[in-house]
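The next block holds one structure in the form of structure tokens; read it before the comments.
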Amino acid sequence: MDISGLEVTGYYSDGSSRVEDITTANISGFDSSEPAAQQILTVSVGDKTATYVVIISELVTAAENETIAITNIPLTITIPEDTTNAGIQISQDTALPSIKVKSDQVEMTIPNGTTVSGSDIIQLPEVKSDSSVDVSGAQRVNLVIEVGSNADTITFSKPVRLVLKGQGKRSAGFIDNDRKFHTISKPDSLSGLTSDGDVDAVAKLFEETEMQEGAVDYRQDLIIWTKHFTKFIAYTPLNSELPSPIPLPDITDEFFEFDEIVRSQTISSRGAIIKIEGAMYIFPANAVSEDIRVSIKKLSQGTIPSVPSGFKQLGKVYEITTDKDVTFKKPVTITLYFDQDEIVNDKYDVGIYCWSNNQWILVDQVKANLETRKVSGTVNHFSIFAALCSEKGEIPIIEDKQPIQDVLKPIKSGLKDIANHWAEKFITELVAIGAVSGYPDGTFRPDSTITRAEFATMVVKAFKIKPDSGKVFSDTSGHWARDGISAAAAHGIVSGYDETTFGPDDLITREQMAVMISKAAGLSGGEGKTFADSAQIADWAIDAVAVTSSKNIITGYPDNTFKPSASATRAEAATVIVKALKLTGF
């Protein structure tokens, strides 16, 4: 097994952490030549030793309305966003291999050797609307996960581990097949039993106490151990000290609609999905570097900014705020839903607009689907958001991103934060050809980092690469940049970490950028410069760094370093693309 790049994160008692690079000298007890099975891996760092259960498994991506047949090979199943009615087919009363399931909001692990009774089909975890359950004693339902079967009672011989992401400190419960709600306790005996490797200890505890389920908090997550499947819930219990209601007057002549806080949730660096009636917000991993509290307010008609003539508001309007002044390091995807009868045909353009500087401005990466009645887009900051439509030809949906004209003057064409920047000339040229645009607030943020998906998309647009049916990775299916990444893959410009993973939201490194731009421009040859840290350049990037540095497309730093693993900035990305375009005559 190639362990290049393997890292272990150690956590201290004060909550801080440190990442250690791992080499073969640190590892013992694992043999990758053995058949796919559970093995024990021991890692030593200094005088500290940790033992991990390692499973070699097959990677599978779940698909809509499809069932995955389980054999004797361990599986790791990824559930793409919005995938429903996916399941696994098993043989009852037959020992299963280890099965790990991952999605944006929940993880599930069925331990090796578990037998199942009750059904031959197990529905994979699926997020349901908060309104689908009635939880007595709940101030707010935070997350509903349905797993197993709608009709059959499915039980397991060993405890199954469910991880409800971002739901730490919440209360837990489940709805049985008779639609009755039951609380799930958090016994002290489960404290510390949070990993897949703790299943034997949990099984022993369940046997001794005759428990069938139990919950435990682990950092930002809520862990539920269970021997049955049903509908699981994370919720906020009623506060025993609720404020006294404001008395209504005896006679009310008018009805007033008030703004309503519909959801407040903590988002960590692990990311999360917030679903409410009428909207969905997807925070990718590492979008924030610290925990933030996100509040979503549904605005009443009296507080919604004016919608200009020729445009129509679709669905509800939401204001999103955070408890900290942050700019997201990765784009947050917003999806708004509207009723079927609000648009009668396809003669309309639909977009998501952000209220900024007293005007409605189209957000990035807008995609509308009139059949499913939803529209999505990406943002790097929060404000008021609305889905607006107009007759086709009235507004550009993605290309120009101009504000609606009737509210105030449009944003100036110049980007206000690139003046006198070292990359101003290159940024201006790249914006002029439509390969990249600024943010709704009129900034470009040249010194911000850029993701692999963003850079691939910029390259495809800059080199005018026609859409082509290329590789769609498991983590790019449904991603806003799927088509651009697929086109880049079809032309040999990009490749994934492996056959199924591209890492679209990972920050691109300088050596990765060198490889992509050299392939896009068809560059070859050149001895390149010798940098002080040339030995740190990965083998697969040596030729690309050599040719791009020899042609002055990517240069080093004043201290004669290249910093191959450093994250590239938006300014650096614009510069290398424009230089490559000029070199190749585009």
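No hydrogens, no waters, no symmetry mates; every other heavy atom, side chains included, goes into these values.
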Heavy-atom donor-acceptor pair, T501 side chain to D498 backbone, under 3.5 Å: no

Ignoring hydrogens and geometry, is there a side-chain-to-backbone donor-acceptor pair from D221 to G168 under 3.5 Å? no

Minimum side-chain heavy-atom gap M108-V160 below 4.5 Å: yes

Is it true that atom CD of E64 has more than 12 heavy atoms of other residues, nucleotides or ligands lying nearer than 6.0 Å? yes

Side-chain donor-acceptor contact under 3.5 Å, K100 with T109: yes

Quick one, P504 and D475 - any side-chain contact, counting heavy atoms below 4.5 Å? yes

With sequence neighbours left out, the residues meeting side chain to side chain contact (heavy atoms under 4.5 Å, CB included) with T321 are S295, E319

Before accepting this row, confirm whether a basic side-chain N of the pair K231/E146 lies closer than 4.0 Å to the acidic partner's carboxylate O. yes

side-chain hydrogen bond (donor to acceptor under 3.5 Å, both in side chains) with E429: which residues, sequence neighbours excluded? K425, K582

Quick one: are V127 and V106 in side-chain contact, heavy atoms under 4.5 Å? no

Nearest heavy atoms of A573 and M513, plus distance in Å: CA-SD, 3.8 Å

So, for F385 and Y281, is the gap between ring centers shorter than 6.0 Å? no

Measure from the side-chain N and O atoms of Q105 to the backbone N and O of I273, and report whether any donor-acceptor pair falls under 3.5 Å. yes

Side chain of K330, backbone of L507: donor and acceptor closer than 3.5 Å? no

Which distance, rounded to the nearest 0.5 Å, do you find between the NZ of K374 and the CG of D82? 4.5 Å

Could you give the distance from CD1 (I517) to CE (M458), rounded to the nearest 0.5 Å? 9.0 Å

Test item: D323 side-chain N/O and I292 main-chain N/O as donor-acceptor pair under 3.5 Å: no

Apply the test side-chain contact (heavy atoms from CB on, under 4.5 Å) to residues V141 and I233: give CA-CA distance (whole Å), side-chain angles for both, the deciding distance (0.1 Å), then the verdict. CA-CA 7 Å; V141 174; I233 300 159; 4.0 Å; yes

Once side-chain hydrogen bond (donor to acceptor under 3.5 Å, both in side chains) is applied, do any residues pair with E290, and if so which ones, sequence neighbours excluded? K324

Backbone of K169 reached by a side-chain donor or acceptor of D217 within 3.5 Å: yes

Rounded to the nearest 0.5 Å, the CD atom of E424 sits from the CD1 atom of I418 at a distance of 5.0 Å

Taking the side chain as every heavy atom from C-beta outward, state whether F232 and T226 have any atom pair closer than 4.5 Å. yes

What are the two closest non-hydrogen atoms of D291 and S269, and how far apart are they? OD1-N, 4.5 Å

Yes or no on side-chain contact (heavy atoms from CB on, under 4.5 Å) for V459 and F463, after CA distance, side-chain angles and deciding distance? CA-CA 6 Å; V459 169; F463 284 86; 3.9 Å; yes

Determine whether I79 and P125 make a side-chain contact, defined as any pair of heavy atoms from C-beta on separated by less than 4.5 Å. yes

Drop me the distance from I508's CD1 to T569's OG1, to the nearest 0.5 angstrom. 11.5 Å

Checking R452 against Y497 for the side-chain contact (heavy atoms from CB on, under 4.5 Å) test, could you report, in this order, the C-alpha distance in whole Å, the side-chain angles of both residues, the deciding distance, and whether it holds? CA-CA 12 Å; R452 285 165 56 84; Y497 296 133; 3.3 Å; yes

Can you see which heavy atom on S171 is nearest to which on L222, and at what distance? O-CD2, 4.2 Å

Applying side-chain contact (heavy atoms from CB on, under 4.5 Å) to Y218 and V163, what does each step give before you reach the verdict? CA-CA 9 Å; Y218 181 65; V163 182; over 6 Å; no

Do F473 and T500 make a side-chain contact, defined as non-hydrogen atoms from C-beta onward lying under 4.5 Å apart? no

Euclidean distance, E126 CD relative to S103 OG, rounded to 0.5 Å: 10.0 Å

Atom NE2 of H479 and atom OG of S474: how far apart are they, to the nearest 0.5 Å? 12.0 Å

Is the side chain of D417 donor-acceptor paired with the backbone N or O of R445 at a distance under 3.5 Å, no angle test? yes

May I ask you to decide if W480's main-chain N or O and K367's side chain share a donor-acceptor pair within less than 3.5 Å? yes

I145 side chain near K128 side chain, heavy-atom distance below 4.5 Å: no

Heavy-atom nearest pair, T335 first then S376, reads OG1-CB, 3.5 Å

Closest heavy-atom contact between A215 and A172? CB-CB, 4.0 Å

Just by distance, do the side chain of T509 and the backbone of Q512 share a donor-acceptor pair under 3.5 Å? yes

Just one of I384, L336, L362 clears the side-chain contact (heavy atoms from CB on, under 4.5 Å) bar with Y353, so which one? L362

What's the shortest heavy-atom distance between V147 and Q123, and which atoms? CG2-O, 3.3 Å

Within a strict 4.5 Å, meaning less than it, do heavy atoms of the F283 and D104 side chains meet? no

Treating H491 as the side-chain partner and I493 as the backbone partner, does any N or O pair qualify as donor plus acceptor under 3.5 Å? no

Count the heavy atoms belonging to other residues, nucleotides or ligands that lie under 6.0 Å from NZ of K329, then report whether that count exceeds 12. no

Aromatic rings H182 and F174: how do their planes relate, parallel, tilted or perpendicular, breaks at 30° and 60°? parallel

